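Heads up: numbering here begins at 1 and tracks the sequence. Just so it is clear, the model here is predicted, and its values are computed rather than measured. For ligands, and for the atoms within them, numbers begin at 1 and follow the listed sequence.
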Amino acid sequence: MRELAVVIPVYNEAEQIARTVAAVEAALGDCSDLRYRFLLVDDGSADGSWQAISKLADDKPHLRGVRLSRNFGKEAALCAGLDLAEGVSCLIMDADLQHPPDVLPRMVALWREGYDVVEGVKTSRGKESLSYRLLAGSFYWILERLSGFSFENGSDFKLLDAKVVAAWKRMGESRTFFRGMSAWLGFRRVTVPFAVGERGAGRSGWSAFKLIRLAVDAISSFTSAPLHVVTILGLFLFLFAGVLGAQTLANKVRWLAVDGFTTVILLQLLIGSILMMSLGIIGIYIARIFDEVKHRPRYVIAEATASTGKDSGEPD
Ligand code: UDP
Ligand code: MG
């Protein structure tokens, strides 16, 4: 008998969380020899999501909900879910049915075959605006070049075996990038293609600002290459400065040093901008160090539904 915890981060999904749970139950009900339970993490929703989750928990002994004390972001909600799974294999999916439950039986079957990480990859990206597509595309391009891991079309739709979850928990960073960190872990992996569905109801909880922050977090948590780029830029600039300095001095010696304002201004602009960029990049990493050394918890749980600790199919 295999055991599975279905971890779902929930942020303002009151309208559809019950539907999502029902759809997952229907899909997993087809899998024989499987016991599962739900772990719903309410990421500080402002609508009636928590009431909806509490109601579901009352009806279903194999469903447990926890509410974070505020909106910590999806990454933190995922951490909370994985921590609560207590050493069981985890299936991670979104609450909005954009991760279609009908591929679940395939994922479970692959997991049974012995794969430790079954990853959903997007075949189409659903309805996304051109600007979002461009931004996402360039973000993945940079991240792949710098870190050497491929994330394009990756998603947080994943089934992780218990040993992978245990290994993941040993990664100590307080600001996580789930997709990247699970790629870093390795293990036997397989991908399952899925088409991103339409959002059932409500709207995406990601703002442009949140996405940019995730992108910066992802890059700075995965590679320190930007820091080395700064050094290399500095080196090039030093060579350039050497050539230009020699020329300037030669002119001076030959009494040819006329109004070199153009050069001065160009140099000022160039050096000024590069210095500021470099400082900014260093600042990003220092901010990360600052965040990490504080050792704050990744999330804070405000309340939880009464736990029965039962899986589906177990008698009351
Ligand atoms: N989510 C969350 N906290 C947030 C934003 C989103 O827990 O601050 C959850 C949300 O409820 C959903 C999943 O993360 O289950 C994916 O969010 P969404 O559908 O808004 O993102 P998208 O599909 O646009 O990437
Ligand atoms: Mg979505």
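Of the listed options D94, N12, T20, L40, D94 places a heavy atom closest to atom 16 (C) of ligand 1. Across the listed options V41, L68, L97, D43, D43 owns the non-hydrogen atom lying nearest to atom 3 (N) of ligand 1. Nearest-heavy-atom check against atom 10 (C) of ligand 1 across K74, E13, H99 picks out E13.
A salt bridge between D33 and R112 is absent, with no side-chain N of the basic residue lying under 4.0 Å from a carboxylate O of the acidic one.
Among the atoms of A95, some N or O lies under 3.5 angstrom from an N or O of ligand 1. The shortest N/O to N/O separation between P9 and ligand 1 falls below 3.5 Å.
One finds the CG atom of D47 at 9.0 Å from the OH atom of Y11 (value rounded to the nearest 0.5 Å). Interatomic distance, CG of L68 versus CD of E303, reported as 11.0 Å (0.5 Å rounding). Taking CG from L159 and CG from L104, the interatomic distance works out to 8.5 Å, rounded to the nearest 0.5 Å.
Restricting D96 to its N, O or S atoms, the one at the least distance from the Mg ion (ligand 2) is OD2.
Checking D94 against the Mg ion (ligand 2), every N/O/S atom stays at or beyond the 2.8 Å cut-off.
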* Apply salt bridge (charged side-chain N to carboxylate O under 4.0 Å, His left out) to the pair R298 and D83, showing each step before the final yes or no. => CA-CA 11 Å; R298 291 167 175 170; D83 286 346; 5.2 Å; no
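Tested against N71 for a side chain to side chain donor-acceptor pair (under 3.5 Å), the candidates D43, D42, N12 yield a single pass: D43.
By the 30° and 60° cut-offs, the orientation of the rings of Y36 relative to H62 is perpendicular.
Applying the 4.0 Å criterion to heavy atoms of N71 picks out, from ligand 1, the atoms 3 (N), 4 (C), 8 (O). Annotation for ligand 1: atoms under 4.0 Å from non-hydrogen atoms of G73 are 3 (N), 8 (O).
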